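See structure below.
Because the structure is a prediction, the values reported are computed rather than measured. Just so you know, residue 1 is the first one in the sequence shown, and it goes up from there.
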Amino acid sequence: MSLKSDLESGKFAITAEIGPLKGTDITEIVEFAEILRGRVVAANVTDQQSSVMRLGSMVTCHLLADHGLEPIVQMTCRDRNRIALQSDLLSAWVLGIPNVLALTGDLPHLGDHPDAVPVYDLDSVQLLSVIKGLNEGVDMMGNELTGRPDFYAGAVVNPGADTEASLDLQLFKMEKKIEAGAKFFQTQAVYEPDKFAQFMKRVEGFGVPVMAGIIPLKSVGMARFMNKNVAGVCVPEETIQRCAAAEDKTQAGIDIAAELMRDLKDLCQGLHIMPIGWEKKVPQMLDAAGL
């Protein structure tokens with residue numbers, strides 16, 4: 001069982017996301033691996049998510065692999081030039097990491113080191129091309145490698161674009177990423193299954209697996225924050241009011257996530273759960289969804 005074999009064989013795949021902590025304590029990482037092993041096919045590890053400095057994605061992925069959970073290393077272009085990106089990719093493969101998700105990365109001023117200098121030597125499309133080249137045995141300059149990786153490379157897409165022009169841009173970027181070597185896509189959080197179904201009809205000819213993103217709602221404030229600040233994410237007012245009326249907000253968040261999973265599973269090739277601190281609750285969500 002692996003992410004690649006599941007998606008390429010048409011088996012429905014479920015992945016989850018893990019955010020490393022700020023520091024060297026790896027206790028929770030080991031706990032997450034034990035909890036998620038057998039429930040998800042692989043786990044993404046974020047790469048300085050939201051431009052907040054944390055333990056690195058690569059070493060965290062290596063720890064997950066050591067504890068029997070297949071990792072997906074997220075790699076952003078924000079913090080590395082093309083030399084460092086290629087070197088880190090080779091290092092990830094040597095450390096036993098078979099999957100990579102290529103991201104451009106959030107701007108540094110959004111995080112906890114706002115004076116950090118961004119790099120952005122490459123963007124996510126170019127990084128996918130780099131990964132494809134390394135898989136073929138050459139670096140960006142055409143220099144031959146001594147031993148090559150065989151990464152299963154993925155990318156992200158936002159299916160909730162709120163205008164036709166922004167949706168067209170997402171589809172255009174998706175096609176560019178496929179041309180550059182993306183073999184699968186994980187989406188931004190989805191809260192509107194009907195709208196997602198329309199998106200999937202638009203991309204069904206692309207022939208690349210799409211995994212719908214799930215972010216459980218922890219509070220009304222979280223829902224309203226995402227509506228205001230996260231492009232392409234719309235939590236319906238009905239869902240917000242349901243959260244507001246619930247006596248047990250945690251259970252409501254789990255139940256809503258589970259319902260979304262059930263509604264989305266027949267529309268796409270997999271689910272990607274981004275628990276954002278609720279990693280230990282992922283099994284409850286899956287149980288509630290019957291997955």
Side-chain angles (χ1 to χ4, degrees), residues 1-20 26 28-47 49 54-76 88-89 91-103 124 127-128 131 135 149-157 177 181-190 208-216 257 261 264-265 268-287 289 291:
M1 181 178 71
S2 70
L3 177 64
K4 180 178 180 179
S5 63
D6 279 8
L7 289 177
E8 290 190 346
S9 68
K11 182 178 178 181
F12 194 78
I14 300 174
T15 56
E17 184 176 273
I18 291 174
I26 63 169
E28 284 198 354
I29 294 169
V30 175
E31 290 176 355
F32 296 157
E34 297 295 332
I35 290 168
L36 296 174
R37 190 176 63 237
R39 299 307 306 268
V40 300
V41 69
N44 292 39
V45 179
T46 57
D47 183 15
Q49 185 177 16
R54 304 168 186 265
L55 182 66
S57 178
M58 194 189 312
V59 69
T60 304
C61 282
H62 185 52
L63 290 169
L64 295 182
D66 279 350
H67 288 84
L69 182 58
E70 181 175 312
I72 305 168
V73 64
Q74 291 190 3
M75 194 159 291
T76 67
D88 280 355
L89 284 164
S91 298
W93 182 259
V94 169
L95 288 174
I97 302 167
N99 312 296
V100 57
L101 191 77
L103 302 160
S124 58
L127 180 56
L128 286 163
I131 295 166
N135 283 350
D150 187 21
F151 284 113
Y152 191 54
V156 297
V157 64
K177 290 175 180 180
K183 302 299 184 185
F184 69 96
F185 284 84
Q186 294 173 332
T187 82
Q188 179 57 278
V190 176
V208 176
V210 175
M211 306 178 74
I214 300 289
I215 297 181
M261 291 182 204
L264 295 169
K265 67 182 179 64
C268 54
Q269 291 74 47
L271 296 171
H272 176 54
I273 305 167
M274 296 168 276
I276 312 179
W278 275 12
E279 286 87 353
K280 294 180 181 179
K281 293 180 172 58
V282 170
Q284 291 176 254
M285 298 177 210
L286 293 172
D287 287 344
L291 296 169

First locate atom [atom1] of [X], then atom [atom2] of [Y], and finally report the distance between them rounded to the nearest 0.5 Å.
X	Y	atom1	atom2	value
I72	L3	CD1	CG	5.0 Å
I29	L69	CD1	CG	11.5 Å
L7	K4	CG	NZ	11.0 Å
M58	M75	CE	CE	5.0 Å
L286	I273	CG	CD1	4.5 Å
L128	L101	CG	CG	8.5 Å

Does [Y] offer a backbone N or O that forms a donor-acceptor pair with the side chain of [X] under 3.5 Å?
X	Y	value
T187	G213	yes
D47	T76	yes
S57	V45	yes
T60	G56	yes
Q186	V156	no
H67	A33	no

Practice prompt. Return the orientation label for the F184 and Y152 ring planes: parallel under 30°, perpendicular over 60°, tilted otherwise.
Written response: parallel
Is any side-chain heavy atom of [Y] closer than 4.5 Å to one of [X]?
X	Y	answer
E279	E28	no
V41	I14	no
Q269	V208	no
V73	L95	no

Nearest atoms (heavy-atom pairs only) where [X] meets [Y]:
X	Y	result
F151	A92	CZ-CB, 4.2 Å
P98	W93	CA-CZ3, 3.8 Å
L103	S124	C-CB, 3.9 Å
A13	M211	O-CE, 3.5 Å
G96	A65	O-CB, 4.5 Å
M285	A257	SD-CB, 4.1 Å

Discussion item. Heavy-atom count check: over 12 atoms from other residues, nucleotides or ligands less than 6.0 Å from K281 NZ?
Written reply: yes
Discussion item. Pair L55, I26 - check side-chain contact (heavy atoms from CB on, under 4.5 Å), show working.
Written reply: CA-CA 9 Å; L55 182 66; I26 63 169; 4.2 Å; yes
Discussion item. Can you list everything that forms a side-chain hydrogen bond (donor to acceptor under 3.5 Å, both in side chains) with N99? Sequence neighbours excluded, please.
Written reply: E70
Item to complete: Could you please spell out the steps behind the side-chain contact (heavy atoms from CB on, under 4.5 Å) verdict for V282 and I35?
Response: CA-CA 8 Å; V282 170; I35 290 168; 5.9 Å; no
Practice prompt. Determine, step by step, whether K280 and F32 satisfy the side-chain contact (heavy atoms from CB on, under 4.5 Å) criterion, reporting the C-alpha distance in whole Å, the side-chain angles of both residues, the deciding distance to 0.1 Å, and the verdict.
Written response: CA-CA 7 Å; K280 294 180 181 179; F32 296 157; 3.8 Å; yes
Worksheet item: Taking it one step at a time, do N44 and H272 satisfy side-chain contact (heavy atoms from CB on, under 4.5 Å)?
Response: CA-CA 9 Å; N44 292 39; H272 176 54; 3.5 Å; yes
